[in-house]
Amino acid sequence: MTTSVSNRRSFFLSAASLAGAAAVSSTLIAQPTPTNLTAFLQTYDEAWASHNPQAIAMLHAEDVLVVNRFGSMLEGRAELEKAMQFLHGPGGPFHSITFPRQKLLVSRMLNTDMATLHARWKNPTMGPGDQLAHGSQTPWVDLLSTYLLMRRGKTWQIVQHDLHSVDPIKFPFKTKWNA
């Protein structure tokens, strides 16, 4: 038989459990960037600098979704690798370009096996025919590169990657990201 005391006790225990779960969850989210996530970004930069389509593709999950800064979507590692072969292969627009390294802006652990990274990057301006604008004197475009990573064993893989051209608004007040 249920009494009002046992109902209150059940309610209190449920509330305490939820509060404890929320505290654990916020602790996971508030963690600083784990070294292996920082290393992942460096590994990505190295693969990109090598102009090796397979090395780039292998950092992505089999079912990855990539949206580039032009809004083109690539679905799956095989499709991504074909795109990287076009971009980085002989005669491709990125074949002989040296890209700057990405700068990590912020990362968040969503749970123990999932994280987001937001990095500042630069990309050359593209012209007609998917070639570099202005040849070797091409201007660079600021990018925000957002990764959704999933840990698979001891390694991280990209499950979603979104790239956005950045033309930041200057707020009339100071923010963490807009000094």
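As the structure is a computational prediction, the values presented were derived from the model and not from experiment. Below, all heavy atoms of this structure are taken into account, side chains as well, without hydrogens, waters or symmetry copies.
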### Message
Under 4.5 Å between side-chain heavy atoms, counting indirect links through other Ile/Leu/Val/Met/Phe/Trp/Tyr residues: same cluster for L163 and M73 or not?
### Response
no
### Message
Are V67 and V64 linked, directly or through intermediate hydrophobic residues, by side-chain heavy-atom contacts shorter than 4.5 Å (ILVMFWY only)?
### Response
no
Roughly how far, to the nearest 0.5 Å, is [atom2] of [Y] from [atom1] of [X]?
X: L104; Y: Q102; atom1: CG; atom2: CD; result: 9.0 Å
X: M58; Y: I158; atom1: CE; atom2: CD1; result: 12.0 Å
X: T116; Y: D162; atom1: OG1; atom2: CG; result: 11.5 Å
X: L117; Y: T146; atom1: CG; atom2: OG1; result: 9.0 Å
X: R120; Y: L105; atom1: CZ; atom2: CG; result: 5.0 Å
X: E81; Y: N52; atom1: CD; atom2: CG; result: 8.5 Å

Look at the side chain of [X] and the backbone N and O of [Y], then say whether any donor-acceptor pair between them is shorter than 3.5 Å.
X: S72; Y: N68; answer: no
X: E79; Y: E75; answer: yes
X: H51; Y: I97; answer: yes

### Query
Between Y44 and F40, how do the two ring planes meet: parallel, tilted or perpendicular, split at 30° and 60°?
tilted
Within the 4.5 Å heavy-atom criterion, are [X] and [Y] side-chain neighbours or not?
X: T43; Y: L41; value: no
X: H60; Y: H161; value: yes
X: N123; Y: F94; value: yes
X: L65; Y: V159; value: no
X: S165; Y: L143; value: yes
X: R151; Y: M114; value: no
X: I56; Y: H88; value: yes

#### Entry: Carboxylate-amine/guanidinium proximity below 4.0 Å for D142 and K122
yes
### Query
Between Y147 and Q157, do the side chains contain an N or O donor and an N or O acceptor separated by less than 3.5 Å?
no
Could you report the tightest heavy-atom contact between [X] and [Y], atom names first, then the distance?
X: P100; Y: W121; result: O-NE1, 3.0 Å
X: A115; Y: M109; result: CB-SD, 3.8 Å
X: A57; Y: L80; result: CA-CD2, 4.0 Å

### Message
One pair to check against side chain to side chain donor-acceptor pair (under 3.5 Å): H118 and S107. What are the steps and the verdict?
### Response
CA-CA 6 Å; H118 300 276; S107 68; over 6 Å; no
### Query
For the rings on F99 and W140, is their centre-to-centre separation under 6.0 Å?
yes
### Query
For R69 and H164, what are the C-alpha separation, side-chain angles and deciding distance, and is it a side-chain contact (heavy atoms from CB on, under 4.5 Å)?
CA-CA 5 Å; R69 68 186 176 116; H164 304 276; 6.0 Å; no
